[in-house]
2 protein chains.
Amino acid sequence: MISILSALAEPTRLGALRILADGGEHCVCELMDKLGASQSRMSRHMSLLKTNGLVVDRRDAQWVRYTINPDLPDHLRGLIDAVLAAADAEIPLPKRKAA
Amino acid sequence: MISILSALAEPTRLGALRILADGGEHCVCELMDKLGASQSRMSRHMSLLKTNGLVVDRRDAQWVRYTINPDLPDHLRGLIDAVLAAADAEIPLPKRKAA
DNA sequence: CCATTATATGCGGATATGCGCATAAGCAAA
DNA sequence: TTTGCTTATGCGCATATCCGCATATAATGG
């Protein structure tokens, strides 16, 4: 629990989760670009999210695709949803369609 | 947001919130006892929760009574509820009535 | 005023966290 | 195999976090 919250309490990691929140797969390089993070930094942060079971990864050729762990227990899924909602309330994400 | 999550991501502070979750007022001395924390430690942690707007305090004679901030915006109230629910799922709180 | 109880805070030290740099490792195409 | 692209990791540094100890501040009662 504490480690889960710690995992969420960091800007790059929270930013990554917000991007993954669309339910799709995203490679490290994409997350780096969108979040303005260096490669090693992004890789390490994703590794920590993975260690804490919040995301899962998949090798796809030279890329590693991350997604939010689809098998999260209900209370953790609820926690993440609440965190994402609170983050959106603070700083709305840029929309893809309709400005 | 990040600072809110950081505030939650510490055992003594999360423990305090779980105690405050009954909606009542609790003094520092009570929290110290129940959480096995030293006085300075407890005081500092409560101070940080207060700084982040999660709790409010009230002087009552020689005591300072803390409660969860009743004026939290919805998304933060939702976040706290989700955190408390997840914490309960991990380690249920001892019940007062009925084991 | 003094003693007692409750809480806050300055200080220094130990440990944890986050970072960049360099390098390794994985994979694909030539 | 060599080259290039992507991701992971060892290392050391800078800073943040947490703690206990000691002391200050606040309030109460004698």
Side-chain angles (χ1 to χ4, degrees), chain A residues 1-20 22 24-69 83 87 91, chain B residues 1-20 22 24-69 83 87 91:
Chain A
M1 187 66 223
I2 293 297
S3 62
I4 300 278
L5 289 169
S6 298
L8 298 171
E10 199 282 331
T12 302
R13 291 193 294 264
L14 181 57
L17 270 188
R18 295 183 76 183
I19 293 175
L20 297 186
D22 68 1
E25 292 187 316
H26 299 266
C27 64
V28 177
C29 52
E30 179 192 347
L31 298 171
M32 288 175 55
D33 290 346
K34 291 189 175 171
L35 297 173
S38 75
Q39 190 272 317
S40 70
R41 188 170 142 198
M42 197 74 244
S43 175
R44 265 183 231 277
H45 283 305
M46 295 314 294
S47 169
L48 195 145
L49 288 174
K50 182 184 169 189
T51 296
N52 280 276
L54 296 176
V55 303
V56 294
D57 64 346
R58 177 176 76 87
R59 248 298 163 188
D60 176 14
Q62 40 204 144
W63 297 275
V64 173
R65 316 275 188 187
Y66 282 93
T67 54
I68 291 188
N69 181 0
V83 169
I91 307 173
Chain B
M1 188 65 222
I2 294 297
S3 61
I4 299 278
L5 289 169
S6 298
L8 297 171
E10 200 282 331
T12 301
R13 291 194 293 265
L14 182 57
L17 270 188
R18 295 183 75 181
I19 293 175
L20 297 186
D22 68 0
E25 291 187 317
H26 299 265
C27 65
V28 178
C29 53
E30 179 192 347
L31 298 171
M32 286 174 56
D33 289 346
K34 290 190 175 171
L35 297 172
S38 75
Q39 189 272 316
S40 69
R41 189 170 141 198
M42 198 72 244
S43 174
R44 265 183 231 277
H45 283 304
M46 295 313 294
S47 169
L48 195 146
L49 288 175
K50 183 184 168 188
T51 295
N52 280 277
L54 297 177
V55 303
V56 293
D57 64 347
R58 177 177 74 87
R59 248 297 162 190
D60 177 15
Q62 41 204 142
W63 298 275
V64 173
R65 316 277 188 185
Y66 282 93
T67 55
I68 290 188
N69 181 358
V83 169
I91 307 173

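Here is the naming used below: chain letters follow the sequence lines, and residue numbers restart at 1 for every chain.
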Could you tell me whether the side chain of [X] and the main chain of [Y] form a donor-acceptor pair under 3.5 Å?
X       : Y       : answer
A:Arg59 : A:Ala61 : yes
B:Arg65 : B:Gly24 : no
B:Asn69 : B:Gly53 : yes
B:Ser47 : B:Ser43 : no

Considering only heavy atoms from C-beta outward, does the side chain of [X] approach that of [Y] to under 4.5 Å?
X       : Y       : value
B:Val28 : B:Met32 : yes
B:Val56 : B:Lys50 : no
B:Asn52 : B:Arg13 : no
B:Glu10 : A:Leu5  : no
A:Met46 : A:Leu20 : yes

Can you check the [X] [atom1] to [N] [atom2] distance for me, whole Å?
X       : N      : atom1 : atom2 : result
A:Leu48 : D:dA8  : CG    : C1'   : 14 Å
B:Leu31 : C:dA6  : CG    : P     : 13 Å
A:Ile2  : C:dT17 : CD1   : P     : 12 Å
A:Met46 : D:dA8  : CE    : C1'   : 13 Å
A:Leu35 : C:dC19 : CG    : C1'   : 16 Å
B:Asp57 : C:dT7  : CG    : P     : 11 Å
A:Asn52 : C:dT17 : CG    : P     : 11 Å
A:Arg58 : C:dG26 : CZ    : C1'   : 15 Å

Nearest-0.5 Å distance that lies between atom [atom1] in [X] and atom [atom2] in [Y]:
X       : Y       : atom1 : atom2 : answer
B:Glu30 : B:Leu35 : CD    : CG    : 9.0 Å
A:Asp33 : A:His26 : CG    : NE2   : 13.0 Å
B:Ile4  : A:Leu8  : CD1   : CG    : 13.5 Å

If you take atom types as modelled and just measure distance, does the side chain of A:Ser40 reach the base of C:dC21 with a donor-acceptor pair under 3.5 Å? yes
Is any side-chain N or O of A:Ser38 under 3.5 Å from a base N or O of C:dC21, one able to act as donor and the other as acceptor? no
Under 4.0 Å between a side-chain N or O of [X] and OP1 or OP2 of [N]?
X       : N      : answer
B:Tyr66 : C:dA8  : yes
B:Ser43 : C:dT7  : no
A:His45 : C:dT17 : no

Measuring from the side chain of A:Val64 (C-beta onward, heavy atoms only), which nucleotide among D:dT7, D:dC19, C:dT9 has the closest atom? D:dT7
Each nucleotide in nucleotides 23-30 of chain D should get exactly one letter: B, S or -. Can you fill that in based on protein heavy atoms under 4.0 Å? ---SSS--
Expected rows: protein N/O vs nucleotides 11-14 of chain C N/O, under 3.5 Å:
| residue | atom | partner | partner atom | Å |
| --- | --- | --- | --- | --- |
| C:dC11 | N4 | B:Arg44 | NH2 | 3.3 |

DNA chain C contacts made by residues 4-13 of chain A, counting heavy atoms under 4.0 Å: A:Glu10, A:Arg13
